[in-house]
Amino acid sequence: MINYATLLKLLLLTLSQAYAQSTYTNPVHNADFADPTVIRGHDGLFYAYATNTSVDNKFYNIQVALSSDLINWEVIGDALPQKPAWAASDFWAPHVLYDEGERRYYLYYSGESPDDKVGKCIGVAISERPTGPFIDTGSPLISGEGFTTIDPMAFDDPATGRKYLFWGSGHEPIKVRELNDDRISFKPASTATHVLPPNKDDYSKLVEGAWVHYREGYYYLFYSGDNCCGDKAHYAVMIARSKNVEGPFERLSEERKSNSSTILAKNKYWLAPGHNSVVTDDAGQDWIVYHAIALDPALRSAGRIMLVDPIRYKNGWPYLENNSPSVVERSTPSVKKNNSK
């Protein structure tokens, strides 16, 4: 069935690209859009997915937003309109991966089991379109106690072609385990490997929101901690790296012999920036997409809203200018017109 509203939005975004702006200022989306994952679709457009929320009196299990330039975003629907039987609520931190061979999109997400003896679980849903609807496979991929089993990130190792799933929070280490080629089950002989435990570094008593980005021989593990929300929010993005996808990962603090691996933290305009994804534009520039809480009273009530900033590299480590969200005009990402795949 053709969704004419979505087709119209696609057309308007494509036309607007012909008159693309040259600069932008954060935020890039000023409504609640927590834990954003951004991917490039097979059509060349960008899609963002976020934790469940209610916006303008409409509830979304998993928001999906569309952009042609990484800067101008529009929420176009619910990627998971039908709840799975195994989960009742708390559809958190979605991650989406496109399989070019299968021509399918795989959505990994956290959900709360209706069984009070079971904690958060991670499920998988599949769609032929980045907008969904994604259909759940019927049972969770993995379950855990409390909120230890959250924040999934599926990753295809470019060096080996092997498929992996990272996850973790709840004061336990971030973990990784190899997936089967079907992407909906684990390799029978594989086990969950601890790649990054909490420690005494700043923002690190709880670690979560893993995102792995491969660049020039290093696997960069972006992660967040340690309290995302509320009046006592204390949250930032940190970095570790490894030459092996399963680790061991070296924290920036270990390399610098300090107590901080932080590359993105609060400033006087933005509180608790974190839970990021990384996407690369057509010029090869990496961009970090993340949420933060505005200290401006006009935006504070919006919740965790979406920001974008360029990533720089020095001595083999990524960093952000001023170590915090940008508050001035920046050049926009380089995105070719009509870059469909």
Side-chain angles (χ1 to χ4, degrees), residues 35 37 39 41-42 47 49 51 61-62 64 79-115 117-130 132-170 172-196 208-214 219 221 244-247 277:
D35 312 323
T37 277
I39 66 165
H42 71 280
Y47 295 86
Y49 306 85
T51 285
N61 291 323
I62 292 177
V64 56
L80 191 75
Q82 184 65 42
K83 295 180 181 179
W86 57 265
S89 61
D90 292 356
F91 301 105
W92 293 356
H95 179 258
V96 175
L97 181 148
Y98 179 60
D99 188 310
E100 292 186 2
E102 295 290 333
R103 295 186 179 181
R104 288 179 172 183
Y105 291 85
Y106 291 79
L107 166 66
Y108 299 82
Y109 63 100
S110 310
E112 177 75 20
S113 170
D115 184 347
K117 296 180 181 179
V118 179
K120 295 287 189 292
C121 306
I122 291 174
V124 190
I126 303 170
S127 175
E128 294 182 355
R129 297 182 297 174
F134 285 83
I135 307 301
D136 188 79
T137 57
S139 60
L141 173 61
I142 186 171
S143 302
E145 297 181 357
F147 63 102
T148 60
T149 310
I150 63 170
D151 295 359
M153 192 268 174
F155 179 77
D156 288 2
D157 184 359
T160 65
R162 292 180 176 178
K163 303 170 178 62
Y164 292 91
L165 186 75
F166 289 81
W167 75 92
S169 184
E172 289 193 0
I174 291 173
K175 307 173 184 69
V176 64
R177 186 175 176 184
E178 188 174 356
L179 290 165
N180 274 321
D181 287 341
D182 64 9
R183 300 189 184 279
I184 63 173
S185 61
F186 290 115
K187 288 270 189 184
S190 68
T191 58
T193 300
H194 292 185
V195 297
L196 194 88
E208 62 185 17
W211 184 279
V212 178
H213 182 64
Y214 183 76
Y219 299 86
L221 173 58
N244 188 302
V245 68
E246 296 185 68
S277 53

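Looking at heavy atoms from C-beta onward, Thr137 lies out of side-chain contact with Pro84 at the 4.5 angstrom threshold. In this structure, Val96 and Val64 have side chains that are not in contact, with every pair of non-hydrogen atoms separated by 4.5 Å or more.
A donor-acceptor pair under 3.5 Å is absent between the side-chain atoms of Ser143 and the main chain of Cys121, judged by distance alone. A donor-acceptor contact shorter than 3.5 Å links the side chain of Arg177 to the backbone of Ser190. Remark: side-chain polar atoms of Ser169 are not paired, donor with acceptor, to backbone N or O of Glu208 under 3.5 angstrom. Between the side chain of Asp182 and the backbone N or O of Ile184 there is at least one donor-acceptor pair closer than 3.5 Å. Not a single donor-acceptor pair under 3.5 Å links the side chain of Ser127 to the backbone N or O of Tyr105. Put simply, the side chain of Asn61 gets close to the backbone of Leu80: a donor and an acceptor are under 3.5 Å apart. The backbone N or O of Gly168 sits nowhere less than 3.5 Å from a side-chain atom of Lys175 that would complete a donor-acceptor pair.
In this structure, Arg183 CZ and Glu102 CD are separated by 8.5 Å, a value rounded to the nearest 0.5 Å. Within the model, atoms CG of Leu107 and CG of Leu97 stand 11.0 Å from one another, a figure rounded to the nearest 0.5 Å. If you take OH on Tyr106 and CZ on Phe134, they are separated by 11.0 Å, rounding to the nearest 0.5 Å. Distance check: Asp181 CG to Leu179 CG gives 9.5 Å after rounding to the nearest 0.5 Å. Between Tyr219 atom OH and Phe155 atom CZ the span is 6.0 Å, to the nearest 0.5 Å. The CD1 atom of Ile122 lies 7.5 Å from the CG atom of Asp151; values are rounded to the nearest 0.5 Å.
One side chain, Asp136 or Tyr109, offers a donor N or O that lies under 3.5 Å from an acceptor on the other.
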Go through the steps for Arg103 and His42 under the test side chain to side chain contact (heavy atoms under 4.5 Å, CB included), then give the verdict.
-> CA-CA 9 Å; Arg103 295 186 179 181; His42 71 280; over 6 Å; no
Any chance you could lay out the side chain to side chain contact (heavy atoms under 4.5 Å, CB included) test for Val176 and Val212, step after step, and finish with the verdict?
-> CA-CA 11 Å; Val176 64; Val212 178; over 6 Å; no
Derivation of the salt bridge (charged side-chain N to carboxylate O under 4.0 Å, His left out) call for Glu112 and Lys120 | CA-CA 5 Å; Glu112 177 75 20; Lys120 295 287 189 292; 2.4 Å; yes
Thr160 and Val245: CA distance, side-chain angles, deciding distance, side chain to side chain contact (heavy atoms under 4.5 Å, CB included) verdict = CA-CA 10 Å; Thr160 65; Val245 68; 5.9 Å; no
Test log, rule side chain to side chain contact (heavy atoms under 4.5 Å, CB included), inputs Val118 and Trp86 | CA-CA 10 Å; Val118 179; Trp86 57 265; over 6 Å; no
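Closest approach of Pro152 to Leu165, counting heavy atoms only: CB-CD1, 4.0 Å. The shortest non-hydrogen separation linking Leu141 to Ser185 is CD1-CA, 3.7 Å. Listed here is the closest heavy atom pair of Met153 and Ala210: CB-O, 3.3 Å. Closest approach of His95 and Trp211 over heavy atoms only: CD2-CZ3, 3.3 Å. In terms of heavy-atom proximity, Phe91 sits nearest to Ala87 at CE2-CB, 3.6 Å. For Asn180 against Pro188, the heavy-atom pair with the smallest separation is OD1-CD, 3.8 Å.
Taking the six-membered ring where the residue is Trp, Phe186 and Trp167 present tilted rings, their angle falling between 30° and 60°.
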